[in-house]
Amino acid sequence: MATKFTPLHDRILLRRVEEVGTTRGGIIIPDSAKDKPQEGEVISVGKGKTNDEGKVFPLALKEGDRILFGKYSGTEIKIDGEDFLIMKEEEALGVVTGAARKETAGVKR
């Protein structure tokens, strides 16, 4: 990503994680039949949530975290031609740890 994007306040920027396009039995699932993945990798986070007195509370999530989120969470955006999702931290359902790393959408590791 050539452009640097930092979300404001308690928002996070993430990239969806691509799901495998083949079933265990070898059946290939076309893109039109797939649901959008509900797992993503956090790319950047805002400074945190501010209370009425102006005190900033840092976010629990950090860059590189793998999270699960609801099906209709966040807003899809495009930066430098790449698709991302931006959402408030409270929309994240949890952090995934210890799972085998999947390929991130459009990025091979």
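Just so it is clear, the values below take in all heavy atoms, side chains as well, and ignore hydrogens, waters and symmetry mates.
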Write down the atom of [X], the atom of [Y], and the distance for their closest heavy-atom approach.
| X | Y | answer |
| --- | --- | --- |
| Q38 | K71 | NE2-N, 3.0 Å |
| M87 | F69 | CE-CG, 3.7 Å |
| L85 | G74 | CD1-C, 4.2 Å |

Does the pair K49/E90 count as a salt bridge with the N-to-O cut at 4.0 Å?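 Salt bridge present between K49 and E90.
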
Does [X] use its side chain to pair, donor to acceptor, with the backbone of [Y] at less than 3.5 Å?
| X | Y | value |
| --- | --- | --- |
| D80 | E82 | no |
| E39 | R16 | no |
| S44 | F5 | yes |

How long is the span from the CZ atom in R11 to the NZ atom in K88, to the nearest 0.5 Å?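 One finds 4.5 Å between CZ of R11 and NZ of K88.
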
Give, for atom OG1 of T6 and atom CD1 of I43, the distance between the pair rounded to the nearest 0.5 Å.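 Reported to 0.5 Å precision, the distance equals 12.0 Å.
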
Would you say I67 and L14 make side-chain contact, with heavy atoms under 4.5 Å? yes

Measure the shortest side-chain to side-chain distance between E76 and D83 over non-hydrogen atoms and say whether it is less than 4.5 angstrom. no

Show, in sequence, the C-alpha distance, side-chain angles and deciding distance for I86 and I12, and conclude whether the side-chain contact (heavy atoms from CB on, under 4.5 Å) test is met. CA-CA 6 Å; I86 190 164; I12 58 173; over 6 Å; no

Name each donor-acceptor pair under 3.5 Å that joins a side chain in residues 54-63 to protein atoms two or more places apart or in another chain, with its distance.
from, atom 1, to, atom 2, distance (Å)
K62, NZ, D65, OD1, 3.1

